[in-house]
Amino acid sequence: MAGAARRRDGQIAQERMLEEAMKAIAEDGLAALTMSKLADRLGTSGGHILYYYGSKDRLLLEALRWSEEQLAAERAALLRRRVTAARKLDLFLELYLPRGPRDPRWTLWIELWARTPSNEDLRTAQEEIDAGWHADLGALLAKGVEQGRFAPTDTAARASELLALLDGLSTRVVLGQRDADRARALERARSAAALLVEHR
C-alpha cells in the first residue's frame, strides 16, 4: 500500500512539473525556461526534476505528450458529439489551431520539430502524436461521407492535406507573423476545408 502511495505521489509530482513547464513557456517563452528556473517555480531542486526526466529535451517531450493527451481526450469527446459533420469539422479546426502567439503547445512543437532530424525518440513520439490527429480527422471525414454530409472522397488524403495546411497556419500564428492571428488562421482554415471537403 505504501508503495502504491509513493507511485501516486511520484505521478502527481511529474504532472505538476509538466503543468508548470507549460505555464512557464506561456508566460516567458521557451528560451527562458531552464531547469533551475522551473525548479524555483516548483519550490524544488533541478536535480529533483532531472531524477524524473534526465534532460531538458526529455522534459519538453513529456510536456508535449501530456498536453497532447488532454487534447486527445477533447477530440474523442468532439467525435462523440451529436452535431453535424460540418460542425464537427469546424470544431476540429478550432481545437487544432493555437490560441495565439504564446500558445505553449505550439511553441513546443516548433522547437521539437527543429530537433527531430537528429533525435530518433523525438521523431517516433511526433509520428505517434501526428497519427492520432490524422486518424481522428480521417474518421470524422469518413463518417461525414457515410452520412451523406460530405461528397465521396479519399478521406485519408484529405486529412493529410488539411493537417499540413493547419500546421502551416499554426506556425505563422505562433511566430506572430503579420496578418496571422488566430481569427485569420481559422478563417483561412475554414475556406481551405470547404475546398478540400465538398459539403452536401
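Along the sequence shown, the residues carry numbers beginning at 1.
The CG atom of Leu38 sits 8.0 Å away from atom OG1 of Thr34, with the distance rounded to the nearest 0.5 Å. Within the model, atoms CG of Asp136 and CD of Glu74 stand 12.0 Å from one another, a figure rounded to the nearest 0.5 Å. Atom CH2 of residue Trp66 and atom CE of residue Met17 lie 13.0 Å apart, to the nearest 0.5 angstrom. Atom CG in Leu60 sits 9.5 Å away from atom CE in Met22 (nearest 0.5 Å). Between the CD atom of Glu62 and the CD atom of Glu15 there is a distance of 11.5 Å, given to the nearest 0.5 Å. Atom CG of Leu59 and atom NZ of Lys56 lie 8.5 Å apart (nearest 0.5 Å).
The side-chain heavy atoms of Leu122 and Trp113, taken from C-beta on, include no pair separated by under 4.5 Å. Considering only heavy atoms from C-beta on, Thr153 stays 4.5 Å or farther from Leu141 through its side chain. Put simply, the side chain of Thr155 does not reach to within 4.5 Å of the side chain of Val197, judged on heavy atoms. Using a 4.5 Å heavy-atom cutoff, the side chains of Asn119 and Leu112 are not in contact. At a threshold of 4.5 Å between non-hydrogen side-chain atoms, the residues Lys88 and Arg82 do not count as touching. When side chains are defined from C-beta on, Gln14 counts as touching Tyr53, because their heavy atoms get closer than 4.5 Å. Proximity of Leu108 to Leu30: side-chain heavy atoms (C-beta onward) are separated by under 4.5 Å at one or more points. Using a 4.5 Å cut-off on side-chain heavy atoms (C-beta onward), Arg58 and Tyr52 make no contact.
Applying the salt bridge (Lys or Arg N to Asp or Glu O under 4.0 Å) rule to Asp167 yields no partners; only residues at least two apart in sequence or on another chain are considered. Remark: Arg123 engages Glu120 in a salt bridge (Lys or Arg N to Asp or Glu O under 4.0 Å) (not counting sequence neighbours). The ring pair (Phe, Tyr, Trp, His ring centres under 6.0 Å) check on Phe150 picks up His199, with sequence neighbours excluded. Taking the side-chain contact (heavy atoms from CB on, under 4.5 Å) definition, one finds that Ala156 meets it with His134, Asp154, sequence neighbours left out. Taking the side-chain contact (heavy atoms from CB on, under 4.5 Å) definition, one finds that Asp40 meets it with nothing, sequence neighbours left out. Partners of Glu146 by side-chain hydrogen bond (donor to acceptor under 3.5 Å, both in side chains), not counting sequence neighbours: none found. For Arg188, there are no salt bridge (Lys or Arg N to Asp or Glu O under 4.0 Å) partners, not counting sequence neighbours. Every residue two or more places apart in sequence or in another chain that forms a ring pair (Phe, Tyr, Trp, His ring centres under 6.0 Å) with Trp133 is listed here: Phe92, Tyr96. Every side-chain hydrogen bond (donor to acceptor under 3.5 Å, both in side chains) that Thr116 has, sequence neighbours left out, goes to Gln126. Checked against side-chain contact (heavy atoms from CB on, under 4.5 Å), Ala151 has the following partners two or more places apart in sequence or in another chain: Glu198, Arg200.
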### Glu19/Arg16 under salt bridge (charged side-chain N to carboxylate O under 4.0 Å, His left out): CA gap, chis, key distance, verdict
CA-CA 5 Å; Glu19 183 178 11; Arg16 184 159 176 257; over 6 Å; no
Checklist entry - Checking side-chain contact (heavy atoms from CB on, under 4.5 Å) for the pair Arg87/Thr84: CA distance, chi angles, key distance, verdict? => result CA-CA 5 Å; Arg87 178 61 180 148; Thr84 66; 3.3 Å; yes
Item to complete: Evaluate the side-chain contact (heavy atoms from CB on, under 4.5 Å) criterion for residues Leu162 and Leu196: first the C-alpha distance (whole Å), next the side-chain angles of each, then the deciding distance (0.1 Å), finally the verdict.
Response: CA-CA 8 Å; Leu162 266 174; Leu196 288 170; 3.9 Å; yes
Exercise for the section: Kindly indicate, with the supporting measurements, whether the criterion side-chain contact (heavy atoms from CB on, under 4.5 Å) is fulfilled by Arg65 and Glu128. Expected result: CA-CA 10 Å; Arg65 277 185 168 145; Glu128 289 172 358; 4.0 Å; yes
Practice problem: Take Leu137 and Leu89 through the test side-chain contact (heavy atoms from CB on, under 4.5 Å) and record every step on the way to the result. | Solution: CA-CA 8 Å; Leu137 180 53; Leu89 178 55; 3.8 Å; yes
List, one per line, each side-chain donor-acceptor pair under 3.5 Å for residues 176-187, sequence neighbours excluded.
unit_1: Gln177; atom_1: OE1; unit_2: Arg172; atom_2: NH1; d: 2.8
unit_1: Asp181; atom_1: OD1; unit_2: Ala183; atom_2: N; d: 3.3
unit_1: Asp181; atom_1: OD1; unit_2: Arg184; atom_2: N; d: 2.8
unit_1: Asp181; atom_1: OD2; unit_2: Arg184; atom_2: NH1; d: 2.9
unit_1: Arg182; atom_1: NH1; unit_2: Glu94; atom_2: O; d: 3.3
unit_1: Arg182; atom_1: NH1; unit_2: Leu97; atom_2: O; d: 3.1
unit_1: Arg182; atom_1: NH1; unit_2: Pro98; atom_2: O; d: 3.1
unit_1: Arg182; atom_1: NH2; unit_2: Glu94; atom_2: O; d: 3.1

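Shown here for Ala192 and Leu165, the closest heavy-atom pair between the two residues is CB-CD2, 3.1 Å. Across Gln147 and Ala85, no two heavy atoms sit closer than the pair OE1-CB, 4.2 Å.
Electrostatic pairing of Glu27 and Arg41 counts as a salt bridge here, judged by a charged N lying under 4.0 Å from a carboxylate O.
Screening Leu42, Leu33, Ile49 for a side chain to side chain contact (heavy atoms under 4.5 Å, CB included) with Glu20, the sole residue that qualifies is Leu42.
A side-chain hydrogen bond (donor to acceptor under 3.5 Å, both in side chains) check over residues 97-108, counting only residues at least two apart or in different chains, returns the pairs Glu68-Arg105.
Val173 and Leu71 fall into different hydrophobic clusters, where Ile, Leu, Val, Met, Phe, Trp and Tyr residues are linked whenever their side-chain heavy atoms come under 4.5 Å apart, directly or through other members.
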